[in-house]
Amino acid sequence: MGWRAFRLLASQIAVAMAVWAIWVYFLHPEASPAQQAIVALAAACLGGWIWWLVDSFNAARLLRWLRQPELGAAPDLAGVWGEAGVRMRRWIRHGEQQVHQGEQRLNDILSALQASPNGVVFLDEQGRIEWCNQISSKQFGFDAQRDVLQNIGNLVRDPQFNAYFAAHDFTHDLVMHGRESTPSRPVRLSVQIYGYGEGRKLLLSRDVTALEQAEAMRRDFVANVSHEIRTPLTVLAGFVETLQNLPLEEEERSRYLALMAQQAERMRHLVEDLLTLSRLEGGPPPSNSDWVSVADLLVRCENEARGLSNTLTRKQARPHVLNFPDAAQLKQLGEVAGASAELHSAISNLLSNAMRYTPAGGKIDVNWQVLGDGTARFAVKDSGPGIDAKHVSRLTERFYRVDRSRSRDTGGTGLGLAIVKHVLQRHGAKLTIESEVGKGSEFSVTFPATRVRVSADAAAPSLARLAQRRCVY
Ligand code: ADP
């Protein structure tokens with residue numbers, strides 16, 4: 001303010017002196033001192049007015065700029081208005097920086113919410129959509145731009161959701177069908193709403209289809225295992241009770257004990273298969289540098305197969321006709337990379353199935369071929385009853401059986417092909433089932449070239465034929 005007063009005074013003095021000098025020296029040299037004083041006083045007033053006009057003009061320029069302040073268009077002023085302009089420019093620049101940073105932060109938060117694997121929707125006090133991410137748009141069928149400020153109740157036309165939203169009890173989540181859900185491909189969503197601010201809501205949605213399926217599978221599995229164990233246990237308990245309460249002949253007693261041993265053996269098989277499955281699920285992946293001799297594997301499986309065939313066809317005159325590669329062929333089969341015990345378990349399961357389901361006298365061909373592309377194909381072909389196409393895609397499910405009683409009678413657990421599928425998946429191999437009712441089945445396994453090693457002279461015939469009923473896992 002001092003500087004302003006000084007400038008006012010200076011302009012008054014300057015104008016007063018200039019006018020007084022012109023008056024006295026050029027216009028009225030004869031003027032009396034009183035007249036000179038009045039002229040000087042009037043000139044000083046004039047100086048004050050001139051200063052006021054210039055000052056007001058500068059203030060008006062600053063105010064005009066402030067109406068739409070653009071940093072580049074700021075007036076270049078001196079004095080107090082110039083200083084005010086500089087300070088305002090500084091304030092505006094600071095404000096702009098803060099707005100920019102705020103926008104940047106908001107964009108970062110929205111980008112993070114877009115990247116979320118779950119649906120996120122912001123709702124206002126009336127339940128209208130303020131913002132939603134892409135996942136929620138897909139899950140509920142929103143249009144992220146068009147549906148802004150639309151009421152969510154009008155967009156999600158699910159009675160369960162509308163009841164949940166209307167009840168205003170958001171202490172628990174709601175599991176509902178997703179928009180893309182169909183009877184053959186159900187999609188389940190878990191939706192939960194959280195209140196915040198003054199009546200606003202945050203809606204989070206999560207696809208729980210896989211979780212629900214896994215839970216259903218777990219329940220089925222526990223129910224199946226319990227059922228499989230309960231049956232032999234009931235039989236065993238019955239025999240124990242009979243042995244305890246009835247005076248039996250020695251012959252009858254040993255017959256009962258043999259039947260009890262059979263049931264106990266059945267339970268042991270089941271537990272062994274369950275343990276194998278759990279080891280396969282939790283174990284480290286098989287090595288791809290441990291090479292297993294295919295010849296050794298097949299010779300071992302052949303010995304076991306012949307033993308099993310004898311047991312199965314003991315009471316009948318005609319055993320199975322088993323065709324395995326001969327000694328000369330075995331020499332050329334090379335090696336396969338993986339876990340020897342797992343590969344043995346898969347191959348022997350396929351062989352045991354072929355023999356258990358093929359009646360006495362039936363033919364079983366076992367083959368191992370290294371193909372032109374470096375892959376290897378192992379196949380077990382039987383002349384058994386064959387499998388109806390409707391069952392083929394489900395055979396590797398746990399406890400799935402086409403003929404339940406035949407499976408049980410021959411000591412099956414219903415887990416053999418599930419074990420085979422797991423082992424093959426772990427080795428990057430594929431199981432193919434070709435079967436026709438009345439004509440037999442062929443279960444073949446294709447190992448990837450990276451897991452097959454063969455001597456240079458081994459022939460590489462091409463893959464022969466693909467039968468009508470075929471299912472690849
Ligand atoms: P299981 O212990 O009952 O044999 P698997 O998982 O090994 O269980 O096989 C599942 C079902 O597939 C069997 O119950 C049987 O109905 C059918 N199956 C498997 N292999 C053959 C085959 N070679 N011929 C006919 N049916 C078969």
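Numbering of ligands and ligand atoms starts at 1, following listing order.
The heavy atom nearest to atom 22 (C) of ligand 1, out of those in F399, Y400, F443, is found in F443. Among N353, D388, I387, L270, the residue whose heavy atom sits closest to atom 20 (N) of ligand 1 is N353.
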Might you work through the side chain to side chain contact (heavy atoms under 4.5 Å, CB included) test for L155 and I129, ending with a clear yes or no? CA-CA 10 Å; L155 298 171; I129 296 174; 3.5 Å; yes
Audit row: S136, N133, side-chain hydrogen bond (donor to acceptor under 3.5 Å, both in side chains) steps and yes/no: CA-CA 6 Å; S136 69; N133 70 352; 3.2 Å; yes
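If you look at F378 and F443, their ring centroids are not closer than 6.0 Å. Aromatic rings from W368 and F447 are positioned such that their centres are separated by under 6.0 Å. In this structure, F399 has its ring center at least 6.0 angstrom away from the ring center of H227.
Inclusion of P385 in the set of residues having an N or O under 3.5 Å from an N or O of ligand 1 is not warranted. Taking distance alone, with nitrogen or oxygen atoms compared against 3.5 Å, L417 approaches ligand 1 more closely than that limit. Residue V402 places at least one N or O, backbone or side chain, under 3.5 Å from an N or O of ligand 1.
Those atoms of ligand 1 that come under 4.0 Å of a heavy atom in R401, given as number and element, are 3 (O), 14 (O). Close approach of ligand 1 to D403 is summarised as follows: ligand atoms under 4.0 Å from at least one heavy atom of the residue are 16 (O). Close contacts of ligand 1 with T413, meaning ligand atoms under 4.0 Å from a residue heavy atom, involve 2 (O). Interface of G412 with ligand 1, defined as ligand atoms under 4.0 Å from a residue heavy atom, comprises 2 (O). Every atom of ligand 1 with a heavy atom of G414 under 4.0 Å away is listed here by number and element: 1 (P), 2 (O), 3 (O), 6 (O), 8 (O). The distance from ligand 1 to the heavy atoms of S407 drops below 4.0 Å at these ligand atoms: 1 (P), 2 (O), 3 (O), 14 (O).
In E125, the CD atom is crowded: over 12 heavy atoms of neighbouring residues, nucleotides or ligands sit closer than 6.0 Å.
Contacts between R356 and ligand 1, counted as non-hydrogen atom pairs separated by less than 4.0 Å, involve the side chain only. When heavy-atom distances to ligand 1 are checked against a 4.0 Å cut-off, D382 comes that close only through its side chain, counted from C-beta outward.
Contact annotation: H391 has no heavy atom less than 4.0 Å from any atom of ligand 1. Taking a 4.0 Å cut-off on heavy atoms, S441 registers as neighbouring ligand 1.
With a 6.0 Å cutoff to the six-membered ring centre and a 45° limit on the axis angle, R398 counts as a cation-pi contact of F221.
Looking from atom 17 (C) of ligand 1 to the surrounding protein, the closest heavy atom is L395 CD2, 4.0 Å. Ranking the protein heavy atoms by distance from atom 24 (N) of ligand 1 puts Y357 CB, 3.6 Å first.
When the options E215, E212, E180 are evaluated for a salt bridge (charged side-chain N to carboxylate O under 4.0 Å, His left out) with R188, the one that passes is E212.
Considering only heavy atoms from C-beta on, K430 stays 4.5 Å or farther from L424 through its side chain.
The pair K421-E342 does not count as a salt bridge, with every side-chain nitrogen at least 4.0 angstrom from each carboxylate oxygen.
Using cut-offs of 30° and 60° on the angle between ring planes, the pair H94 and W91 is perpendicular.
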